[in-house]
There are 2 protein chains.
Amino acid sequence: MEATDLKKAGLKATLPRMRILQILEDSEGKHLSAEDVYKVLLEQDEEVGLATVYRVLTQFEAAGLVIRHNFDSGHSVFELDSGTHHDHMVHLDTGEIIEFQNEEIEELQKKIAKKHGFELIEHSLVLYVKSKK
Amino acid sequence: MEATDLKKAGLKATLPRMRILQILEDSEGKHLSAEDVYKVLLEQDEEVGLATVYRVLTQFEAAGLVIRHNFDSGHSVFELDSGTHHDHMVHLDTGEIIEFQNEEIEELQKKIAKKHGFELIEHSLVLYVKSKK
DNA sequence: TTACTAAATTATAATCACTATAATTTTTAA
DNA sequence: TTAAAAATTATAGTGATTATAATTTAGTAA
């Protein structure tokens with residue numbers, strides 16, 4: 001029952017929000033743009049406007065339900081916040097997105113911020129790769 | 001004489017290009033958006049259109065003269081390519097951008113790509129920090 | 001359950017960053 | 001110096017996203 005998840009996040013359980021949350025849950029591991037979500041809604045014959053999709057995704061982000069990424073592509077993509085932090089590798093030829101974790105890099109980042117007298121709040125690390133010839 | 005730099009890069013030495021290159025050289029360490037560059041041109045009473053600024057910056061990028069960054073801000077910023085690679089730290093309160101280098105992280109990134117059977121082409125690492133209370 | 005009120009959604013227009021187009025101007029090479 | 005190729009200008013167009021005003025819905029109180 002996702003209505004509960006929304007309430008917990010401090011959001012009213014409206015139909016558009018439930019549909020969009022469901023779509024995100026059904027696309028585990030994928031990274032959808034607002035347009036992608038909107039297309040799925042259309043396929044499901046749901047009457048939800050594109051503006052609503054944008055607004056709801058932004059609210060989900062503010063509520064900590066989803067994470068927004070900007071992979072140099074000119075538009076944002078979203079994924080459910082699984083709670084386990086990870087970074088991304090983007091394949092330059094196929095567009096494939098691979099997730100990875102590396103504790104060593106995480107630690108080094110904190111150290112660097114500290115060395116400059118700052119506190120690391122968050123970070124964005126994206127590796128752009130190609131297959132070996 | 002920057003006309004020479006442009007020629008070396010395979011670009012004709014036109015007035016807009018020389019003015020824009022000069023502006024980038026005069027703002028060492030800063031990270032200017034196309035709009036920022038355009039504003040400086042206006043202040044200098046130069047008759048260069050915004051579309052030209054965008055086109056020229058893109059050409060400079062293609063020619064390897066400048067580097068384009070997308071700091072999650074919805075627009076690109078540019079800096080002269082100094083030749084020495086560095087990553088960036090963005091201060092969430094002041095907007096200040098600090099450059100840093102860390103060879104260890106660079107190596108780890110290559111390793112990670114390799115482990116997945118890929119070749120690292122480039123990467124984007126941005127630390128978002130705040131001052132310690 | 002019903003009625004109310006605040007919040008959310010809809011449809012659409014507007015905005016922002018950026019790109020394409022066609023006409024005009026500038027570079028550069030002969 | 002002149003002509004072809006390339007670049008620039010002014011402007012319209014595009015794609016992603018956001019704002020607006022009217023309408024609908026969710027959650028609460030009677």
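Chain letters run A, B, ... following the sequence lines, proteins first, then strands; residues in each count from 1. Bear in mind the structure is a predicted one, so any value in this text is a computation, not a measurement.
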Participant: If you draw a 6.0 Å radius around CD in A/E107, do more than 12 non-hydrogen atoms from other residues or ligands fall strictly inside?
Facilitator: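 Buried by this count: over 12 neighbours within 6.0 Å.
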Participant: Figure out the CG/P separation between B/L50 and D/dT8, and round it to whole Å.
Facilitator: 14 Å
Participant: Taking the side chain of A/Q59 as its heavy atoms from C-beta onward, which of D/dT18, C/dT27, C/dT9 lies nearest to it?
Facilitator: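 That would be C/dT9.
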Participant: Please enumerate all residues that pass side chain to side chain donor-acceptor pair (under 3.5 Å) together with B/H123, with sequence neighbours excluded.
Facilitator: B/H85, B/D87, B/Q109
Participant: Looking only at side-chain N and O atoms, does B/Y54 come under 4.0 Å of OP1 or OP2 in C/dC18?
Facilitator: yes
Participant: Can you measure from OH (A/Y128) to NE2 (A/H88) and round to the nearest 0.5 angstrom?
Facilitator: 11.0 Å
Participant: Apply side-chain hydrogen bond (donor to acceptor under 3.5 Å, both in side chains) to the pair A/T52 and A/R55, showing each step before the final yes or no.
Facilitator: CA-CA 5 Å; A/T52 302; A/R55 189 166 14 75; 3.2 Å; yes
Participant: How would you list all residue pairs meeting salt bridge (charged side-chain N to carboxylate O under 4.0 Å, His left out) that involve residues 33-53 of chain A, not counting sequence neighbours?
Facilitator: A/R19-A/E46
Participant: What nucleotide, of D/dT17, C/dA11, C/dT9, holds the atom closest to the side chain of A/A51?
Facilitator: C/dA11
Participant: Starting at CZ of A/F60 and ending at C1' of C/dA8, how long is that distance when rounded to a whole Å?
Facilitator: 12 Å
Participant: Counting heavy atoms from C-beta on, name the nucleotide in D/dA26, C/dA17, D/dT8 closest to the side chain of A/L15.
Facilitator: D/dA26
Participant: Please state whether the phosphate of D/dA26, meaning OP1 or OP2, lies under 4.0 angstrom from any side-chain nitrogen or oxygen of A/K7.
Facilitator: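 So the side-chain polar atoms of A/K7 never come under 4.0 Å of the phosphate oxygens OP1 or OP2 of D/dA26.
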Participant: C/dT10 phosphate, OP1 or OP2: any side-chain N/O from A/T52 under 4.0 angstrom?
Facilitator: yes
Participant: For DNA chain C, which residues in residues 29-47 of chain A have a heavy atom at a distance below 4.0 Å?
Facilitator: A/E47
Participant: Using OP1 and OP2 only, check whether a side-chain N or O of A/R55 sits under 4.0 Å from C/dA8.
Facilitator: no
Participant: Using the closest heavy atom to pick a nucleotide of DNA chain C for each, name whichever of A/L11 or B/N70 lands nearer the 5' end.
Facilitator: A/L11
Participant: Check the distance between D/dA16's C1' and A/D72's CG and give it to me in whole angstrom.
Facilitator: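 Computing the A/D72:CG to D/dA16:C1' distance gives 16 Å.
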Participant: Tell me whether the OP1 or OP2 atom of D/dA7 has a side-chain N or O from B/R17 closer than 4.0 Å.
Facilitator: yes
Participant: Ignoring the backbone of A/T14, work out which of D/dA10, C/dT27, C/dT9 is nearest its side chain.
Facilitator: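 Closest nucleotide to the A/T14 side chain: C/dT9.
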Participant: If you measure from NZ on A/K114 to CD1 on A/I112, what distance do you get to the nearest 0.5 Å?
Facilitator: 13.0 Å
Participant: Among D/dA7, C/dA20, C/dA6, which nucleotide sits nearest the side chain of A/K12?
Facilitator: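 Nearest to the side chain of A/K12 among the choices is C/dA6.
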Participant: CG of A/L57 versus P of D/dA16: gap in Å, rounded?
Facilitator: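 Result: 14 Å.
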Participant: Measure CG/B/L6 against C1'/D/dA6 and give the value in whole Å, please.
Facilitator: 14 Å
Participant: Which value, rounded to the nearest 0.5 Å, describes the distance between A/K30 atom NZ and A/I97 atom CD1?
Facilitator: 11.5 Å
Participant: Check the distance between C/dT9's P and A/I20's CD1 and give it to me in whole angstrom.
Facilitator: 8 Å
